[in-house]
Trainee: 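Submitted below is the structure of interest, expressed as structure tokens.
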Protein chains: 2
Amino acid sequence: MKLFVKITPKQQRVLDFIREKVNKDNLPPTIREIAAACGFSSTGTVRDYLDALAKKGYLKRGNNKSRAIELLQGNPQKLRLIGAIPAGTPNEAHEDPSDYLDLKQLFSRESARGEVFALKVKGDSMVNAGIMDGDIAVIRKQPSGQSGEIVAALLEDNEVTLKRLKHLKQGAYFLEAANENYPPIEKEFTVIGVLISIIRKY
Amino acid sequence: MKLFVKITPKQQRVLDFIREKVNKDNLPPTIREIAAACGFSSTGTVRDYLDALAKKGYLKRGNNKSRAIELLQGNPQKLRLIGAIPAGTPNEAHEDPSDYLDLKQLFSRESARGEVFALKVKGDSMVNAGIMDGDIAVIRKQPSGQSGEIVAALLEDNEVTLKRLKHLKQGAYFLEAANENYPPIEKEFTVIGVLISIIRKY
DNA sequence: TTGACATCCACACAAATGTGTGGTATATAT
DNA sequence: ATATATACCACACATTTGTGTGGATGTCAA
């Protein structure tokens, strides 16, 4: 899949119409609606445009489904997800669903059950785990965690903290920071959930 | 059109399925897709449900148009966002709208200003900036960046890398890793965008 | 000159799709 | 009693819709 493929003015016009329809009606147009709007007399022409735009990564098409046009750029819900560019042939258009990051689906399963909340991280006690001051930690609510998992825990003073949970042989637990300047917490604490995601905004 | 009309459990089930489809695929379902999902053997049954839900103001229907179902009572996908010093346990409900993280709006502003894409981070060259192997970097496409900003850059060998951009006095630039094991990159490179967010899933 | 790409067309066809008609049954309110 | 709403079904039908096939022309790089 090529990265930044230029789009021709005519392709831009087709794309603009689709975007306009989606924004206005919340419903992508059919092939014939595009043809009528852009002045094409053949459905095949529109199909060629859609295939070209899909190949360039501007939209995604469904198979044999009406109106199955999904915009990928200028649409914050779904982002193109690229890995390291393989040196050689970077121009295949493969329909790998893992090529896209769907923001709506990021936590859809968990949040549908209503057991997810977000926690703003304060301090640098987890910097060595890549968790920085100001990060947003997404937590799935649950009363315990496995050893090594990063959990949100409620301390005695009603403060919520993010630490790595460690099990001891005797069934005891403690909380370990990912920063040598912070001592482990062995006092009483309650696990309120496990970390499932970190979101940071710059 | 009446609002706040009660709907029956079965109507709720149909509505939930539509909402799920719209959130997941950005495409409303067809009548027959609803029938299959909700266990109806007749398309007429679904039409009756859609008419009932439309009459109650929960959705709007188009005429003779496929998938023309427009939800009128949306569900913003929001997460409770609590700070590090909560006034109580996160189980308590305090309904401040600023206490919610709206996933749909996470990158709406940035994507309005330009194209946004996601890049899967490879390697540990930015660990000291809290960016780890496997993280998803959200990049706003732009051809340059300010000194100190973390940018995605295209190297000579067509590899995309994430580094901190540094300006020199003479108008020259170089890329600096956030890991002392990696030397700065002063060879030819092209900035393709600036980092606006990091997303990590556990 | 070959190939890839862009830019169009016409027409056919199967499948998908919304709608229409005519039922059955239960419950509830007027 | 009558009307209204809910909750289904089967089947037919006309359209809508995406796709397939087979062209055409031109540009541009290798």
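It should be emphasised that the depicted structure is a prediction, and the values quoted were computed from it without experimental measurement. Just so it is clear: chains get the letters A, B, ... in the order the sequence lines come, proteins before strands, and each one is counted from 1.
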Trainee: B/Glu33 has an atom CD; how far is it from atom C1' of C/dA16, in whole Å?
Mentor: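 Atom-to-atom, B/Glu33 to C/dA16, this comes out as 10 Å.
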Trainee: Would A/Lys201 and B/Ile196 count as a side chain to side chain contact (heavy atoms under 4.5 Å, CB included) here? Give the steps.
Mentor: CA-CA 6 Å; A/Lys201 294 206 79 178; B/Ile196 59 174; over 6 Å; no
Trainee: Is any side-chain heavy atom of B/Ile185 closer than 4.5 Å to a side-chain heavy atom of B/Leu155?
Mentor: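 B/Ile185 vs B/Leu155: side chains touch.
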Trainee: Looking at side-chain heavy atoms only, is the closest gap between B/Asp135 and B/Ile199 below 4.5 Å?
Mentor: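 No; the side chains remain at least 4.5 Å from each other.
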Trainee: Phosphate oxygens OP1/OP2 of D/dT6: is one of them under 4.0 Å from a side-chain N or O of B/Tyr49?
Mentor: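 No, because none of the side-chain N or O atoms of B/Tyr49 sits under 4.0 Å from OP1 or OP2 of D/dT6.
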Trainee: Answer with base, sugar-phosphate or nothing: what part of the nucleic acid does A/Arg67 contact at a heavy-atom distance below 4.0 Å?
Mentor: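 Result for A/Arg67 = sugar-phosphate.
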Trainee: Before giving the answer on salt bridge (charged side-chain N to carboxylate O under 4.0 Å, His left out), spell out for B/Asp51 and B/Arg61 the whole-Å C-alpha distance, their side-chain angles and the decisive distance to 0.1 Å.
Mentor: CA-CA 8 Å; B/Asp51 286 342; B/Arg61 295 197 67 199; 3.0 Å; yes
Trainee: Taking the six-membered ring for Trp, are A/Tyr49 and A/Phe40 closer than 6.0 Å centroid to centroid?
Mentor: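 Yes, ring centres under 6.0 Å apart.
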Trainee: Within this structure, what is the CG-to-P distance between A/Leu53 and C/dC5, rounded to whole angstrom?
Mentor: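 Checked: the CG to P distance equals 14 Å.
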Trainee: Could you check how far CG of A/Asp51 sits from C1' of D/dG18, rounded to whole Å?
Mentor: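 Atom CG in A/Asp51 sits about 11 Å away from atom C1' in D/dG18.
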Trainee: Whole Å only: how far is the CZ atom of B/Arg32 from the C1' atom of D/dC11?
Mentor: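 Those two atoms, CZ and C1', are 11 Å apart.
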Trainee: Over how many whole Å does the gap from A/Phe40 atom CZ to C/dC11 atom P extend?
Mentor: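 Those two atoms, CZ and P, are 19 Å apart.
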Trainee: Side chain of B/Thr8 only, please: which of C/dC8, D/dC11, D/dT6 is the nearest?
Mentor: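 Selected nucleotide (nearest to the side chain): D/dT6.
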Trainee: Could you give the CG-to-C1' distance, from A/Leu15 to C/dT7, as a whole number of Å?
Mentor: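 Rounded to whole Å, this separation is 17 Å.
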Trainee: Using OP1 and OP2 only, check whether a side-chain N or O of A/Lys56 sits under 4.0 Å from C/dC5.
Mentor: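 Result: no.
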Trainee: Can you tell which of C/dT7, C/dA6, D/dC8 lies closest to the side chain of A/Asp48?
Mentor: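 Nucleotide nearest to A/Asp48's side chain: C/dT7.
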Trainee: With a 3.5 Å cut-off and just heavy-atom distances, do the side chain of B/Arg47 and the base of C/dG18 make a donor-acceptor pair?
Mentor: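 Answer is no: no donor-acceptor pair is held.
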Trainee: Nearest to the B/Ser66 side chain among D/dC11, D/dC8, C/dT17, which nucleotide is it?
Mentor: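 For B/Ser66, the side-chain atoms sit closest to C/dT17.
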Trainee: Just checking, is any N or O donor in the side chain of B/Arg200 or A/Ser197 under 3.5 Å from an acceptor N or O on the other one?
Mentor: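 Side-chain D/A pair, B/Arg200 to A/Ser197: absent.
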Trainee: So if I take every side-chain heavy atom of A/Asn64 and compare against C/dT17, D/dA7, D/dG18, which nucleotide ends up nearest?
Mentor: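 Taking heavy atoms from C-beta onward, the closest nucleotide is D/dG18.
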Trainee: Has A/Ser41 got a side-chain N or O lying under 4.0 Å from the OP1 or OP2 atom of C/dA10?
Mentor: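 Affirmative; the distance criterion is met.
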Trainee: Using the side-chain heavy atoms of A/Ala52, tell me which of these nucleotides is nearest: C/dC8, C/dA12, C/dA6.
Mentor: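 Given the options C/dC8, C/dA12, C/dA6, the side chain of A/Ala52 is closest to C/dA6.
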Trainee: For A/Val194 and A/Gln142: C-alpha separation, side-chain torsions, deciding distance, then whether side chain to side chain contact (heavy atoms under 4.5 Å, CB included) applies.
Mentor: CA-CA 7 Å; A/Val194 299; A/Gln142 59 184 62; 3.4 Å; yes
Trainee: Which part of the nucleic acid does B/Asn63 contact within heavy-atom distance under 4.0 Å: base, sugar-phosphate only, or nothing?
Mentor: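 Contact class for B/Asn63: sugar-phosphate only.
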Trainee: Between P on C/dC5 and CD1 on A/Ile7, what's the gap in Å once rounded to a whole number?
Mentor: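 My rounded result for the distance is 16 Å.
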Trainee: Under 4.0 Å from OP1 or OP2 of C/dA15: is there any side-chain N or O of A/Lys65 that close?
Mentor: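 No, A/Lys65 has no side-chain N/O under 4.0 Å of OP1/OP2 on C/dA15.
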Trainee: B/Gly39 or A/Gly62: which one's nearest nucleotide on DNA chain D is closer to the 5' end?
Mentor: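 That would be B/Gly39.
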Trainee: Remember a base hit wins even if backbone is also touched, and classify B/Thr45 as base, sugar-phosphate or nothing at under 4.0 Å, heavy atoms.
Mentor: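 Base contact - B/Thr45 has a heavy atom under 4.0 Å of at least one base atom.
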Trainee: Do the side chain of B/Thr43 and the base of C/dT17 come within less than 3.5 angstrom through a donor-acceptor pair of N or O atoms?
Mentor: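 Not at all, since no donor on one side and acceptor on the other fall under 3.5 Å apart.
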Trainee: Could you state the NZ-C1' distance from B/Lys10 to D/dA5, rounded to the nearest angstrom?
Mentor: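 Rounded to whole Å, this separation is 15 Å.
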Trainee: Regarding B/Thr30, tell me which of base, sugar-phosphate or nothing describes its non-hydrogen contacts under 4.0 Å with the strands shown.
Mentor: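 It contacts sugar-phosphate atoms only.
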Trainee: Report the C-alpha distance between B/Ile18 and B/Leu50 in whole Å, list the side-chain angles of each, state the deciding distance to 0.1 Å, and finish with yes or no for side chain to side chain contact (heavy atoms under 4.5 Å, CB included).
Mentor: CA-CA 10 Å; B/Ile18 297 170; B/Leu50 293 182; 3.8 Å; yes
Trainee: For side chain to side chain contact (heavy atoms under 4.5 Å, CB included), just list the numbers for B/Ile131 and B/Ile150, CA-CA rounded to whole Å, side-chain angles, deciding distance to a tenth of an Å, and then say yes or no.
Mentor: CA-CA 11 Å; B/Ile131 299 169; B/Ile150 299 175; 3.9 Å; yes
Trainee: Looking only at side-chain N and O atoms, does B/Gln11 come under 4.0 Å of OP1 or OP2 in D/dA5?
Mentor: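 Checking D/dA5 against B/Gln11, no side-chain N or O comes under 4.0 Å of OP1 or OP2.
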Trainee: Roughly how bent is the helix from C/dT1-D/dA30 to C/dT30-D/dA1 end to end, in steps of 10 degrees, with each end axis from five pairs?
Mentor: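 Here the local axes at opposite ends form an angle of 30°.
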